[in-house]
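A quick note: this is a predicted structure, and the numbers were derived from the prediction, not measured.
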Amino acid sequence: MVHPASRAQQQTTYRPFPFDNHTKHPRGGGHPPALRLVCIQAPCRVKSMAQSNLVASPFNIISNPQPPPVPSPEAHPRPDWLRVKFFGGQRYQDLKRTMRTLDLHTVCESARCPNMGECWEHGTATFMILGDICTRACGFCAVPSGKPVGPPDEEEPFRVAEAVARMGLRYAVVTSVNRDDQPDGGSAIFARTIQEIRNRVPGCKVEVLIPDFRGNWDALNAVLAVRPDVLNHNTETVPRLYRQVRKGAVYERSLELLRRAKQTHPDVPTKTGLMLGLGEEKSEVLSTMHELADQGTDILTLGQYLQPTREHLPIVRYVHPDEFREYKIAGERMGFKHVESGPLVRSSYHAFDQAESAVR
């Protein structure tokens, strides 16, 4: 966990997702929902705290600032291997101009995600659909939670496809909030988004990072029926920590989703990811990896959890890059076709290369 122990540390503190300069959403009234692009997982949300001692979050909107709490005894600075130099070439600049033209909002950009320049330079972008209000409140995620206003936007798939076309993407990742308020969990919008992207940009591959749909397997089949290039569903953590980390989710249900996807559509690569540093033991990580491999999962991503705000789950430890390398070797021996493992790895990091490895 990164605490405001020094000004230098404050300048790299992670930023809560819902309070960037793009809070216009259906609850605000009258404003059409804007497309949003995200670097998946909370660590991409950065805010400088050098001028603010408290952080607003979806769980605590601060109106009367109080003195900041004293850092806990466990507080420790972010290690050097989590400090990277941001870069952005011509491709990145072109995408940035396109997003301004289309009035797109990106947490990756405003939060200065360390992977953003690299991902954009390779022509990979991640869209978040089904609104910006999640029906769950997971302990690691800064997306605002609550009851969404109204059903999903039926025009959203067309707008995503238009953005993909204008940005000249060759690989698009589509994720979403949880929409447990909908009978199909939003699966129909997922399916239509895949279809519209392909209609508009035939050469663009589409990866989807889907929720568990509350075990609605008809909803899963609706997404698989349009054959995404990769079907991703993140397991996030080890079974012991599920109740604490993933409220509303069930470990066995996530395993079943990955198993059903591979059994019914063996030609569609499946993918999942884990965050490390939440208190899991090494033996638990390896055991979970074994179970994921047993479901026929093709791609595994492993990355360091970073706390988005003080109201979210704390970092128990920083996992050393050497340990990530051990997991990569172990995962390859377990049968995964591709293992992306490192402190800065996120679900969409090197997504294009992962997909290429999975179909070889």
Side-chain angles (χ1 to χ4, degrees), residues 14-28 31-46 58 95 98-99 102-111 113 115-116 119-120 124-138 140-146 148-164 167 169 171-182 185-194 196-197 204 206-213 223 228 230-234 236 271 273 308 346-349 351:
Y14 276 69
R15 174 182 192 164
F17 178 86
F19 295 97
D20 291 327
N21 296 323
H22 48 71
T23 54
K24 292 181 180 180
H25 50 67
R27 292 186 299 179
H31 297 284
L35 292 180
R36 312 185 70 188
L37 293 105
V38 302
C39 285
I40 297 177
Q41 293 186 8
C44 292
R45 299 155 192 148
V46 182
L95 292 183
T98 300
M99 285 185 228
L102 292 174
D103 193 27
L104 296 174
H105 301 298
T106 164
V107 174
C108 317
E109 181 182 17
S110 61
C113 172
N115 300 328
M116 182 177 64
C119 291
W120 288 13
T124 301
T126 303
F127 297 89
M128 188 171 80
I129 63 174
L130 300 176
D132 61 356
I133 305 297
C134 187
T135 53
R136 301 184 193 178
C138 294
F140 65 91
C141 182
V143 173
S145 61
V149 178
D153 180 8
E154 294 293 334
E155 297 299 314
E156 191 170 44
F158 297 101
R159 301 202 312 276
V160 173
E162 176 64 19
V164 170
M167 295 163 70
L169 300 184
Y171 197 96
V173 182
V174 180
T175 189
S176 76
V177 294
N178 284 282
R179 288 301 299 263
D180 296 327
D181 60 312
Q182 298 297 305
S187 62
I189 299 295
F190 262 109
R192 286 183 50 214
T193 301
I194 296 170
E196 292 303 330
I197 291 175
C204 182
V206 186
E207 174 180 322
V208 290
L209 172 56
I210 62 172
D212 60 18
F213 299 129
V223 177
V230 174
L231 184 121
N232 187 0
H233 172 69
N234 278 340
E236 306 293 10
K271 175 179 173 181
R346 303 293 176 258
S347 293
S348 59
Y349 186 59

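- Residues Lys271 and Leu231 have side chains not in contact (no heavy-atom distance under 4.5 Å, counting atoms from C-beta outward).
- One finds the CZ atom of Phe127 at 10.5 Å from the CD atom of Glu156 (value rounded to the nearest 0.5 Å).
- By the 4.0 Å N-to-carboxylate-O rule, Glu154 lies close enough to Arg192 to be salt-bridged with it.
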Glu196 vs Val164, test: side chain to side chain contact (heavy atoms under 4.5 Å, CB included). Steps then yes/no.
CA-CA 10 Å; Glu196 292 303 330; Val164 170; over 6 Å; no
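- Contact check for Pro211 versus Phe190: side-chain heavy atoms found under the 4.5 Å cut-off.
- To the nearest 0.5 angstrom, Glu236 atom CD is 6.5 Å from Ser347 atom OG.
- Summarising the geometry, atom SG belonging to Cys204 is positioned 11.5 Å from atom CD1 belonging to Ile194; distances are rounded to the nearest 0.5 Å.
- A distance of 7.5 Å separates OG of Ser176 from CG of Leu209, quoted to the nearest 0.5 Å.
- Rounded to the nearest 0.5 angstrom, Glu207 CD and Asn232 CG are separated by 5.0 Å.
- Across every non-hydrogen atom of Val223 and Ile210, the tightest pair is CG1-CG2, 4.4 Å.
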Full working for side chain to side chain contact (heavy atoms under 4.5 Å, CB included) between Val208 and Val230:
CA-CA 6 Å; Val208 290; Val230 174; over 6 Å; no
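- For the pair Leu130 and Arg179, the tightest heavy-atom approach, listed with the atom from each and the gap, is O-NH1, 3.0 Å.
- The side-chain heavy atoms of Val174 and Ile129, taken from C-beta on, include a pair separated by under 4.5 Å.
- How far CZ of Phe158 is from CD1 of Ile197: 12.0 Å, rounded to the nearest 0.5 Å.
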